Amino acid sequence: MYALVDCNNFFVSCERTLDPTLENKPVVVLSNNDGCVVSRSKEAKDLGIPMAAPAFKYKELFRKHDVKSFSAKFELYNFKSQRVIEISTAYVDKADFEVYSIDELFLNLTSFKYINIYDYCVKIKNEIKDKENLPVSIGIAPTKTLCKVANRIVKDFPDKFHGVYSLDTPEKIEKALKWLDIGDVWGIGRRLAAKMHDSRVYKAWDLLQKPEMWVRKIMGIHGVRMINELKGIRQLELDSPSPKKSIAVTRSFMEMLTKKEDVRERVETFGMYCSERLRKQNTCCKMITVFVQTNRFRKDLPEYRNAVTKVLSNPTNSSILIGRVVNELFESIFKEGFHYKKAGVIVNDFVPEDQRLISLFEEDAQNQHLPVMKAMDAMNKKYGKDKVRLGSMSGENTFGRAQLSPEYEAFLKNNTLTEANFRFH
DNA sequence: TCTGGGGTCCTAGGACCC
DNA sequence: TCTGGGGTCCTAGGACCC
């Protein structure tokens, strides 16, 4: 069996650990620029606040029901995530788990033949609650997809299951799949859900009644795997952490930018963050993409969006070299006369730092830059983000964040938050 | 006035090769 | 007028996840 440990309303629950008076009250956490709702307490969900709701549309509702809202504090969430991982993984053999996202991890319980797995998971749940004051739900099942189903059941019937549920018999599985809407199956998104409804597939169970060829046609190889997983036949293994295949730094701006130099400063900064993250995993990139966009919601303003990608002749992770390319790409797509709302830099096609193949004809400054770059990284790690930076960066954010609470300031003080503490998915 | 950010995988089609 | 067969690699776009 596998178990899926999933934190309930994770960001909101983290906020509650700093301020216990938020318990039992409607609470939401907002994205950058305080734009969208990204986490909701149960009370907030009950008020009808949907996921990803634009905050400004719900201001009135927030006021009326005294909904507490917070700007996202990712240092805090990453820190708490790490604690949950440490506690949970102490219950399984070394490396017998998969950190799936900031608030979810799978545990492999296959080797535990002579213990009561349900009781074991209750223990895990209680320890996380006792030590970190974070509520979690644990779904137990023979496959990852069914673990998701079990987890869903825990969350939807809180009075019945108290945080842990095990899909451990064919009868339970059948009952669950006849209950679960097809759109709530892991791997079925909005588009596929609509297609399913067109074909009169409404419940997860209905999908199992369809011929495999049909599923193969509509969903590709994913669909076949999904069907087996739902039947309890394992198709997805637990993955060990792997280096990233792409790195993206993209931001919406608090206010729309019209000056070319302002947008340029932003994309150059994003390029530098990409470079830093490349160096952190000791890889170089071979491709760089830059994009710029106007505000797609402002129908009264002319719209423009464009992206351009360059393949490098020599892989690099030097901030200077990447900055140069970013600048060149930016020049090729920037157009005067628009109100820019969002931009980003994406790097991909990675090779390890020490396995670069160098073009015979292009000059390669990567190795000259690397020692300087690593020294820069070391200083920034010691003295703080962006303390040492390229001249092209202003070092300021153009997205806003609410004032930090005294509790949070205290948290930051008491916990040395080096990136090394975190494991990003 | 105000609408997030960061990932992965799969597939179809085109370019190119022999 | 007629125009093979079998590959590989790359890319853009679509779908999904949190």
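In the text below, chain A, chain B and the rest are named by the order of the sequence lines, each starting its count at 1. Nothing here was measured: the structure is a model prediction, and the numbers come from that model.
- Side chains of A:Q366 and A:N317: a donor on one and an acceptor on the other come within 3.5 Å.
- Between A:K245 and B:dC9 there is a side-chain polar atom (N or O) within less than 4.0 angstrom of OP1 or OP2.
- The separation between A:M51 atom CE and B:dG5 atom P is 14 Å, rounded to whole Å.
- Of the candidates C:dA15, B:dG7, B:dT3, C:dA15 carries the atom nearest the A:L192 side chain, counting heavy atoms from C-beta on.
- What separates CZ of A:F62 from P of B:dC2 is a distance of 17 Å, to the nearest Å.
- B:dC18 is paired with C:dG5 under the Watson-Crick or G-U wobble criterion, all donor-acceptor distances under 3.5 Å.
- Contact annotation for A:I346: no contact, since no heavy-atom pair falls under 4.0 Å across all strands.
- The separation between A:I188 atom CD1 and C:dC17 atom P is 8 Å, rounded to whole Å.
- Across C:dC18, B:dG7, C:dA15, the shortest atom-to-atom separation from the side chain of A:E104 is found for C:dC18.
- Heavy-atom neighbours of A:H339 NE2 from other residues, nucleotides or ligands within 6.0 Å: at or below the threshold of 12.
- Salt-bridge check for A:D184 with A:K148: failed, with every basic side-chain N at 4.0 Å or more from each acidic carboxylate O.
- Regarding contacts with the backbone of B:dC2, every side-chain N or O of A:N33 stays at 4.0 angstrom or more from both OP1 and OP2.
- The shortest distance between the side-chain N/O atoms of A:R298 and the OP1/OP2 oxygens of B:dT3 is not below 4.0 Å.
- For A:I247, counting side-chain heavy atoms from C-beta on, the closest listed nucleotide (B:dG7, B:dG5, C:dC17) is B:dG7.
- Taking only side-chain nitrogens and oxygens, A:R216 comes nearer than 4.0 Å to OP1 or OP2 of B:dT11.
- For the pair A:F74 CZ and B:dG6 C1', the interatomic distance rounds to 10 Å; values are reported in whole Å.
- The interatomic distance linking A:F291 (CZ) with B:dG4 (C1') rounds to 11 Å, in whole Å.
- When distances are taken from the side chain of A:H222 to each of C:dC17, B:dC2, B:dC10, the shortest belongs to B:dC10.
- Remark on DNA chain B: of its neighbouring residues A:A55 and A:S246, the 5'-side contact belongs to A:A55, judged by nearest-heavy-atom nucleotide.
- Distance, A:M219 CE to C:dC17 C1': 13 Å, rounded to whole Å.
- Residues A:G220 and A:K57 both approach DNA chain B. Their nearest nucleotides, taken by heavy-atom distance, put A:K57 toward the 5′ side.
- A distance cut-off of 5.5 Å between ring centres, combined with a plane angle under 30°, places A:F297 in a stacking arrangement with the base of B:dT3.
- Comment: A:K210 does not engage A:D206 in a salt bridge, judged by the lack of any side-chain N to carboxylate O separation of less than 4.0 angstrom.
- Counting to the nearest Å, the P atom of B:dG4 and the NZ atom of A:K342 are 7 Å from each other.
- For A:T250, whose side chain is taken as the heavy atoms from C-beta onward, the closest listed nucleotide among B:dC10, B:dC2, B:dG5 is B:dG5.
- The CD1 atom of A:I102 sits 11 Å away from the C1' atom of B:dG6 (whole-angstrom rounding).
- Note on A:K195: nothing from the nucleic acid sits closer than 4.0 angstrom, heavy atoms only.
- Classification of A:R152 and A:D156 as a salt-bridged pair holds, one side-chain N sitting under 4.0 Å from a carboxylate O.
- Using C1' as the reference atom, B:dC17 and C:dG4 are 14 Å apart when rounded to the nearest Å.
- When each of B:dG6, B:dG5, B:dC2 is scored by its nearest atom to the side-chain atoms of A:V249, the top-ranked nucleotide is B:dG6.
- With C:dC18, B:dG6, B:dC10 as the choices, the nucleotide that has an atom nearest any side-chain atom of A:S101 turns out to be C:dC18.
- When each of B:dG4, B:dC9, B:dG7 is scored by its nearest atom to the side-chain atoms of A:R225, the top-ranked nucleotide is B:dC9.
- A:Y340 does not carry A:R266 over the face of its six-membered ring by the limits of under 6.0 Å from the centre and within 45° of the normal.
- With no hydrogens or angles considered, no side-chain donor-acceptor pair links A:N9 and A:S41 at under 3.5 Å.
- Here the side chain of A:K341 is nearest to one of C:dC18, B:dT3, B:dG4, namely B:dT3.
- Among the nucleotides B:dC2, C:dC18, B:dG5, the one closest to the side chain of A:D103 is C:dC18.
- Regarding contacts with the backbone of B:dG5, every side-chain N or O of A:S31 stays at 4.0 angstrom or more from both OP1 and OP2.
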